[in-house]
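Reviewing the structure listed below.
Here the structure is a predicted model, which means the values were calculated and not measured.
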Amino acid sequence: MLIALAGVAAGTINTVVGSGSLITFPTLLAFGVPPVTANISNNVGLVLGNLSGVVGYRRELVGQRNRILRLGSASLLGGVTGAFLLLWLPSSAFDTIVPALIALGVVLVLVGPRIQRSVAARAASRGGVPDHGVWWVWPAVALAGVYGGYFGAAQGVLLMAILGIGVIDGIQRHTATKNVLALVVNAVAALVFIAVADVDWTVAGLIALGSVVGGQVGAGVGRRLPPVLLRAVIATVGVVALVALLA
């Protein structure tokens, strides 16, 4: 029951912001699940929660087909790479860079609107910003996908920072895009894990059950938040993730 409830909380947070793994992963460790198995099973379990969040934000996805296809390819490539890195590299490999990435994401989310205006003005002088964003958005999304496939906590914070600065659109539509990109990363990583690693299917099933419910709750809550408050929530979750990882 506790693992399923953790899945509800993670699904809710993932839909609005991202970093729900900071709830489910420690919960699994507390129940004695080995760290790598916990990470893998958690990833597999949260895929359905990601899908639930995408469905919950489907209205905001209208008109974003080309953007999703283009940026989704970056998430696909990054997610596969990150999943294989998790299987090949020691867990200490990302220990130094992950907190720095999350801290950078938090700062960029907070100052994003100001930077976005500057980016938009500069791009306008060169012919305007494409629907999928400025040139560096695709590689940045791919790198976020590598991180997401490897661990993923606060992946959503990074994606919201990237989209908020490099893609000209509203924050609610960015949230919907972020949910799709995170789904792609988690889904392809889950396929890799299922094929070559040990998954605790009981744990994954409980998390999946809870996160599906949480995805719908998160969509309802996130859509009602005004842009400034939503940005504050994203930054707060990012700071909590940073503190948890450094503790």
Side-chain angles (χ1 to χ4, degrees), residues 14-15 17-21 39-40 43-44 46-47 50-51 53-54 57 61 64-89 91 93-109 112 115-116 119-120 122-123 129-169 171 173-196 234 238 241 245:
N14 276 344
T15 300
V17 186
S19 78
S21 292
N39 193 7
I40 290 170
N43 180 286
V44 173
L46 287 175
V47 169
N50 293 139
L51 178 59
V54 169
Y57 263 93
L61 288 172
Q64 295 203 62
R65 182 176 180 274
N66 291 337
R67 179 186 298 167
I68 292 296
L69 289 175
R70 187 179 183 91
L71 298 182
S73 65
S75 292
L76 178 66
L77 177 62
V80 171
T81 303
F84 278 111
L85 287 177
L86 175 64
L87 299 175
W88 291 339
L89 295 179
S91 59
F94 272 29
D95 285 351
T96 56
I97 193 172
V98 165
L101 284 173
I102 295 175
L104 177 62
V106 170
V107 172
L108 292 178
V109 165
I115 299 176
Q116 186 190 70
V119 170
R122 190 173 305 164
V129 179
D131 182 63
H132 54 267
V134 293
W135 69 267
W136 52 260
V137 169
W138 194 97
V141 169
L143 289 175
V146 173
Y147 169 67
Y150 185 90
F151 182 54
Q155 175 191 190
V157 175
L158 297 177
L159 287 171
M160 289 298 289
I162 293 166
L163 296 172
I165 293 172
V167 179
I168 309 303
D169 212 332
I171 192 170
R173 284 170 63 81
H174 286 330
T175 300
T177 306
K178 176 265 299 178
N179 287 339
V180 175
L181 298 179
L183 171 62
V184 171
V185 171
N186 284 0
V188 297
L191 290 175
V192 172
F193 295 151
I194 291 170
V196 302
I234 295 170
L245 289 171

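Atom CG of Leu163 and atom CD1 of Ile168 lie 11.0 Å apart (nearest 0.5 Å). Atom CG of Asn66 sits about 6.5 Å away from atom CG of Leu69, to the nearest 0.5 Å. For the atom pair Ile165 CD1 and Trp136 CH2, the distance stands at 5.5 Å (nearest 0.5 Å). Rounding to the nearest 0.5 Å gives a distance of 8.5 Å between CG of Asn39 and OH of Tyr150.
Considering every non-hydrogen atom in both Ser73 and Trp138, the closest pair reads OG-NE1, 3.1 Å. For the pair Ala140 and Ile162, the tightest heavy-atom approach, listed with the atom from each and the gap, is O-CD1, 3.5 Å. Scanning both residues, Asp169 and Arg67, for their nearest heavy atoms gives OD2-NH1, 2.9 Å.
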Taking distance alone, no hydrogens or angles, what donor-acceptor pairs closer than 3.5 Å link side-chain atoms of residues 176-191 to residues at least two apart or in another chain?
unit_1: Thr177; atom_1: OG1; unit_2: Gln64; atom_2: OE1; d: 2.5
unit_1: Thr177; atom_1: OG1; unit_2: Gln64; atom_2: NE2; d: 3.4
unit_1: Thr177; atom_1: OG1; unit_2: Arg173; atom_2: O; d: 3.0
unit_1: Lys178; atom_1: NZ; unit_2: Asn14; atom_2: O; d: 2.9
unit_1: Lys178; atom_1: NZ; unit_2: Thr15; atom_2: O; d: 2.9
unit_1: Lys178; atom_1: NZ; unit_2: Val17; atom_2: O; d: 3.4
unit_1: Asn179; atom_1: ND2; unit_2: Thr15; atom_2: O; d: 3.4
unit_1: Asn179; atom_1: ND2; unit_2: Thr175; atom_2: O; d: 3.4
unit_1: Asn186; atom_1: ND2; unit_2: Asn50; atom_2: OD1; d: 2.6

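Between Ile171 and Met160 there is a side-chain heavy-atom pair separated by less than 4.5 Å.
Every pair tested for side-chain hydrogen bond (donor to acceptor under 3.5 Å, both in side chains) that includes a residue from residues 75-87 fails, sequence neighbours excluded, so the list is empty.
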